[in-house]
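In what follows, every heavy atom counts, from backbone to side chain, and hydrogens, waters and symmetry copies are set aside. A, B, ... follow the sequence lines: proteins, then strands. Residue 1 opens every chain.
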Protein chains: 2
Amino acid sequence: METLRERKKRRTRESLLRAALELFTTQGYEHTTVDEIAEAVDVSQRTFFRYFAGKEEVAFAVQNITEAAFVAAVRARPPHEAPMKALRQAFLEGWDAIRETVESLVPVELYLRMYRTIESTPALLAAHLRRSAATEETLARLLAEREGVDVDTDPRPRLAVAVFAGVIRVTERQCSLREDFGPEALRTLSAAYLDQVGSALTGNWRAA
Amino acid sequence: METLRERKKRRTRESLLRAALELFTTQGYEHTTVDEIAEAVDVSQRTFFRYFAGKEEVAFAVQNITEAAFVAAVRARPPHEAPMKALRQAFLEGWDAIRETVESLVPVELYLRMYRTIESTPALLAAHLRRSAATEETLARLLAEREGVDVDTDPRPRLAVAVFAGVIRVTERQCSLREDFGPEALRTLSAAYLDQVGSALTGNWRAA
DNA sequence: TTGTCAACTGTCAGTGACTGTCACTAGCCT
DNA sequence: AGGCTAGTGACAGTCACTGACAGTTGACAA
C-alpha cells in the first residue's frame with residue numbers, strides 16, 4: 001500500500017518527466033531550461049534536482065526502463081540458445097511487453113518523439129551511446145556467465161555484444177530518420193540487418 | 001613562411017593544449033577548471049574560448065588528428081582491396097605514421113595518458129563515442145563510394161563499419177585497462193580480435 | 001618611420017546547469 | 001495532539017560558456 005507522501009512524490013516525479021519530454025520534443029533539448037520544466041509543474045528548480053540528477057537524466061528516464069526490460073528478456077532466454085540468437089530473439093520478441101511498461105508512464109508516441117530528439121541532439125546522442133556501452137558490458141557479462149566462459153580472458157562475449165549493438169545502432173539511426181518510425185519498422189529492419197552482417201563482412205559487394 | 005602573429009597564435013594554442021592535457025591527466029577532467037588552464041598559460045579565460053570551443057574540445061584535439069590520419073589511411077588503400085581488409089590494414093599499418101604527427105604536438109606518453117583519462121571519465125567517454133559515430137559515418141560513405149554502392153539503400157557499408165568500430169572499441173577498452181598500453185599492444189590485440197569476430201558470432205563457445 | 005587597419009586580447013556582465021545550506025511546512029507515527 | 005522527519009522553497013555560490021566593448025599589438029602601406 002502506498003502512503004500519501006509516496007503518492008505525492010510519484011505524481012511530482014511523473015509530472016516533471018512528462019513536462020520535460022513534452023518541452024524537449026517540441027522546443028528542443030538545448031532550448032529548454034530546467035527552470036521552465038520546474039515552472040510547468042509549479043515546483044522550485046531545487047526540487048527538480050531532487051528528483052533527477054540532471055537535465056540529462058530526465059531525458060533518459062524512459063529509456064532506462066526499456067533497457068532494463070531488454071536485459072531481463074535476454075536473461076530469460078533458454079540457456080541452450082546460442083548467444084547471438086538469444087540477443088536477437090530477446091530484441092525482436094521483447095517489444096510488445098516493453099510497450100505496455102512504457103505506456104503506463106508516458107504515451108508511446110511521446111516516447112518515440114523523444115527517441116528522435118535524442119538522435120538529433122549531439123549532447124543526448126553522446127549520452128545515449130555511453131549508456132549503451134554500459135548496457136553492452138552488462139550483456140557481455142551475462143552471456144559469458146550463460147556460456148561458462150571468463151569475460152576477462154575470452155573476448156568473444158564482448159565481441160559478440162559489440163557486433164550486435166553495432167547493428168542495432170545502425171538500425172536505430174536509419175529508423176529515426178524515416179517517417180514510419182515505430183516498433184514494427186524497428187523489428188523488421190533489425191531482423192534484416194542482423195541477417196546481412198555476415199555477407200557485409202566477408203562478401204564482395206560489387207558482385208551483385 | 002609563418003608570420004610573427006601566426007607563430008604567437010600557434011604557441012598560445014599549443015601551450016593551452018599541453019597545459020590542459022597535463023592538468024586533465026593529473027588532477028582529472030572534472031576537477032580542472034577552464035580558469036586553471038588559462039591561468040597556467042597566463043591568458044584570460046575568454047582567450048581560451050577563442051582557441052577552443054569548449055573544455056571538451058581541447059581534450060580531443062590530438063584525437064582529432066589521429067582520427068583524420070586513420071580516415072586518410074583508409075582512403076589511401078588500394079581500390080581492389082575488400083572493405084574489411086582495407087579498414088584492418090589501415091588501422092594496423094597506420095600507427096607509425098600517426099605517432100610522428102602526434103609527437104610533433106605533445107609527447108606520446110601524454111597522449112596515451114589522456115586516452116586513459118577519456119576512457120575513465122564518463123563525460124569524455126560519451127563525447128568520444130559520439131565522435132567515433134561521426135567517423136563511422138565518414139568511413140561508411142567512403143567504403144560505399146569505393147565499392148560503388150549507395151550508402152542510403154545498401155546497409156552493408158554501415159554494417160561493416162559498425163562491426164569494425166565495435167571490435168576496435170572492445171580493443172581500446174581492454175588496452176586502456178592494461179599496464180602495457182601502447183601502439184604495439186593495441187595492434188596485436190586488435191588483429192587478434194578482428195580474427196575472432198567470425199567465431200564469436202557463429203561459434204558454439206562451450207565446445208572448446 | 002610612422003600611421004592606419006585589422007587581428008588579437010582582456011574586462012565585464014549575464015545566462016544556465018548545478019550544489020550546499022537552512023529554515024519551514026506537511027505527512028507520519030505514537 | 002505533538003514530536004519527528006521527509007520533502008520543499010529560497011538564497012547564495014561555482015563553473016562553463018557567450019556577447020559586447022575597449023585596449024593592445026602585429027601587418028602593411030605611405
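OP1 or OP2 of dG27(C) sits under 4.0 Å from a side-chain N or O of Lys8(A). In this structure, Tyr51(B) reaches the dT9(C) phosphate: one of its side-chain N or O atoms is under 4.0 Å from OP1 or OP2. Between dG16(C) and Lys55(A), no contact under 4.0 Å exists linking OP1 or OP2 to a side-chain N or O.
Put simply, NE2 on His31(A) is 11 Å from P on dG16(C), counting in whole angstrom units. The separation between Phe48(A) atom CZ and dG7(D) atom C1' is 17 Å, rounded to whole Å. What separates CD of Glu57(A) from P of dT19(C) is a distance of 11 Å, to the nearest Å. dT9(C) atom P lies 13 Å from atom CZ of Arg13(B), rounded to whole Å. Atom NZ in Lys9(A) sits roughly 4 Å away from atom P in dG7(D) (whole-Å rounding). Straight-line distance from the CD atom of Gln45(A) to the P atom of dA17(C): 7 Å, rounded to whole Å. One interatomic measurement links the two molecules: CG of Asp42(A) to C1' of dT8(D), which rounds to 12 Å at whole-angstrom precision. What separates CD of Glu30(B) from C1' of dC15(D) is a distance of 12 Å, to the nearest Å.
Few gaps surround CD on Glu93(A); more than 12 heavy atoms of other groups in view lie less than 6.0 Å from it. Within 6.0 Å of the CD atom in Glu145(A), the count of heavy atoms belonging to other residues, nucleotides or ligands does not exceed 12. The neighbour count for Glu2(A) CD, taken as heavy atoms of other residues, nucleotides or ligands under 6.0 Å away, is above 12.
With distances taken from any side-chain atom of Leu4(B) to the nucleotides dA6(D), dG26(D), dA16(D), the minimum falls on dG26(D). Taking only side-chain atoms of Arg5(B), from C-beta outward, the nucleotide of dA17(C), dC8(C), dA16(D) with the closest atom is dC8(C). Candidate nucleotides dC18(C), dG7(D), dA10(D) were compared by shortest atom distance to the side chain of Arg46(A), and dA10(D) ranks first.
Residue-to-nucleotide proximity on DNA chain D shows that, of Glu56(B) and Glu6(B), the 5′-proximal contact is made by Glu56(B). The nearest heavy atom of DNA chain D to Gly54(B) and to Arg50(B) marks one nucleotide each, and the one closer to the 5' end goes with Gly54(B).
There is a side-chain donor-acceptor pair under 3.5 Å between Thr47(A) and Ser44(A). There is a side-chain donor-acceptor pair under 3.5 Å between Glu172(B) and Tyr115(B).
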